[in-house]
Amino acid sequence: MPEQPYEPEGVIAGTGMGGAMDLGASEATTLEKGPGAPPGGAPAGRPRSLWSDAWRDLRRNPVFLLSALVILFLVFISLWPSTIASGSPLSCDLAKSQDGPGPGAPFGYDGQGCNVYTRTVYGARTSVTVGVLATLGVAVLGSVLGGLAGYFGGWWDALLSRTTDIFFAIPVVLGGLVLLSVVTSNTVWPVIGFMVLLGWPQISRIARGSVITARQHDYVQAARALGASDSRILLRHIAPNAVAPVIVVATIALGTYISLEATLSYLGVGLKPPSVSWGIDISAASPYIRNAPHALLWPSGALAVTVLAFIMLGDAVRDALDPKLR
């Protein structure tokens, strides 16, 4: 009978201090691999970045998924409103003024005899367009000005700080009443321009603080010691690590800009008829709230759901991008 090889129950491992300790076979294998080696001898994977961790967390967040579905639906009906709403939002029949829901008009008719459902669907295009374009303008302008001020400092930083203080002192609604009351254009561009004009200081301060924090990190000092130019340091090293707070604030602000457009249109200084906007419809339906509450309920509800979806999306993105909240 062949002799079986001897398999020891334990091995003797040096402690590095002149002594020894008994280890089981599994413990000895683990010690040989090292504490950082993955189980089963598998090769170590690449470390995940902040963005990959954030995307993993967002996919598991039901708040993000729900708000993202709502926003995708709003974007879809903004691009192709005719797929779910037939007819023109400007087609009205006074004979049906303030009528309730009926065939082809599940939301009823407003005071001018217009189909509330059709106008609510087409109103999403204006609100989403204004919100997205205003947010992009505010984010780009505020990030550039705030990032340059935070990186270079000096007189540029002092000038930007005093300028933002002046803009913060201007009430948004009052500023809109003053500035937009003299505009005769019936497009969305004056409203977008006004939002960018008064909205960039908030983003600039967020970007300035993020750049100042990132500028003090060791990898920036190492890049500067290696002779990297200021533009390379800003674009390759600081911007990717300082943009997360800007994205969070801009996402939440998008819903705010949509509600601001509706407010200005309700007051008569934003978009004006024949443009289709939720603010215009809410303003037109206010005198008939007792006789035709449906004409006020549906555009108001659509506005509230849209703003809430963007705020929920911003909160979910903030939770995913901030490691302190994990």
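Owing to the predicted nature of the structure, the values given are computational and were not obtained by experimental measurement. Heavy-atom basis, side chains included; hydrogens, waters and symmetry copies ignored.
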### Query
Looking only at heavy atoms, which two atoms of Val173 and Leu264 are closest? And how far apart?
O-CD2, 4.5 Å
### Query
Does a side chain donor of either Ser277 or Ser275 reach within less than 3.5 Å of an acceptor in the other side chain?
no
### Message
Is it true that Tyr151 and Asp230 share a donor-acceptor pair across their side chains at a distance under 3.5 Å?
### Response
yes
Please check if atom [atom1] in [X] has more than 12 non-hydrogen atoms from other residues, nucleotides or ligands closer than 6.0 Å.
| X | atom1 | result |
| --- | --- | --- |
| Gln112 | CD | no |
| Ile289 | CD1 | no |
| Asp165 | CG | yes |
| Phe152 | CZ | yes |

### Query
Salt-bridged, Arg162 to Asp157, with N to O below 4.0 Å?
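Answer for the salt bridge query: no.
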### Task
Take Thr126 and Glu261 through the side-chain contact (heavy atoms from CB on, under 4.5 Å) test and state the conclusion after the steps.
CA-CA 9 Å; Thr126 301; Glu261 179 274 323; 4.2 Å; yes
#### Entry: Heavy-atom donor-acceptor pair, Arg125 side chain to Ser78 backbone, under 3.5 Å
yes
### Task
Go through the structure and list residues passing salt bridge (Lys or Arg N to Asp or Glu O under 4.0 Å) with Asp99, not counting sequence neighbours.
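Here no residue qualifies.
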### Query
Quick one: are Phe76 and Leu72 in side-chain contact, heavy atoms under 4.5 Å?
no
### Task
Quick one: sort the Trp298 and Phe107 rings into parallel, tilted or perpendicular, breaks at 30° and 60°.
parallel
## Note on the structure
From the list Ile258, Asp281, Thr120, side chain to side chain contact (heavy atoms under 4.5 Å, CB included) with Leu303 holds only for Ile258
